[in-house]
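Position 1 is the first residue of the sequence; numbering continues from there.
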Amino acid sequence: MGQEPAAHPLPALAESSWRLVAIQSMDDAQGASAPPSGQTYRVTFGADGRAAFTLNCNRAVAGWSAELTADGRSGSLAFTAIAMTRAFCPPPSLDTRIARDMGFVRSYLQDDTTLSMSLSADGGIYQWTRDEAP
């Protein structure tokens, strides 16, 4: 959970922004769930190895590092501990769950419009879509 960010982040993720569209459970009975309507969850990967998160009514930051595999579309991905504001977001909010889960991200798969982050120990997959918003 406490890996240091790389000195040179992966260019494919650097300076990109993604909006959460679903959390896929590894339990078929639960399936995928979308974020509650009207709530925004976003991650922006900075070229400096820092990630900025919008987590509903809270903001958060963390370091990030990634290594690309030979296929050019996937690789390892890790975040350092997330520092988050502590505003009370009305339920149901995913802010604290996402902040916690980002510490368990181990890999990713990316194409032009989607980013999937896999959690360790079959903990689930966070599915994001490219977001050009600031």
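Val105 has its side chain within reach of Phe79: a pair of non-hydrogen atoms, C-beta onward, lies under 4.5 Å apart. Looking only at side-chain heavy atoms (C-beta outward), Arg130 and Trp18 come within less than 4.5 Å of each other. Residues Met84 and Leu55 form a side-chain contact, since some pair of their non-hydrogen atoms from C-beta on lies under 4.5 Å apart. Side-chain contact between Ile98 and Arg100 is absent, with no heavy-atom pair separated by less than 4.5 Å. In this structure, the side chains of Phe104 and Met117 stay at 4.5 Å or more apart for every pair of heavy atoms. Counting heavy atoms from C-beta outward, Met102 and Phe53 have side chains that approach closer than 4.5 Å. Counting only heavy atoms from C-beta outward, the side chains of Leu77 and Trp64 approach each other to under 4.5 Å. Two residues are said to be in side-chain contact when any heavy atoms from C-beta on lie closer than 4.5 Å; Ser76 and Ser107 fail this criterion.
When every heavy atom of Pro35 is checked against every heavy atom of Leu20, the shortest pair comes out as CG-O, 3.6 Å. Residue Ala60 comes nearest to Ile82 through the heavy atom pair CB-CG2, 3.4 Å, listed as atom of the first residue, atom of the second, then distance. Here the shortest heavy-atom pairing between Arg73 and Tyr108 reads O-CE1, 3.9 Å. When every heavy atom of Arg97 is checked against every heavy atom of Tyr126, the shortest pair comes out as NE-OH, 3.7 Å. Minimum interatomic distance between Leu94 and Tyr41 (heavy atoms only, all atoms of both residues): N-OH, 2.9 Å. Between Ser120 and Arg106 the shortest heavy-atom distance is CB-CG, 3.5 Å.
For the atom pair CH2 of Trp128 and OG of Ser16, the computed distance is 11.0 Å after rounding to the nearest 0.5 Å.
Side-chain contact of Thr54 with Thr40: a donor-acceptor pair under 3.5 Å is absent, judged by distance alone.
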Discussion item. Go through it in stages, so that I can follow the logic: the residues are Asn56 and Asp95, the test is side chain to side chain donor-acceptor pair (under 3.5 Å), and I'd like the CA-CA distance, side-chain angles, deciding distance and then a yes or no.
Written reply: CA-CA 6 Å; Asn56 193 11; Asp95 57 332; 5.6 Å; no
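Around CG of Asp111, the count of heavy atoms belonging to other residues, nucleotides or ligands within 6.0 Å exceeds 12.
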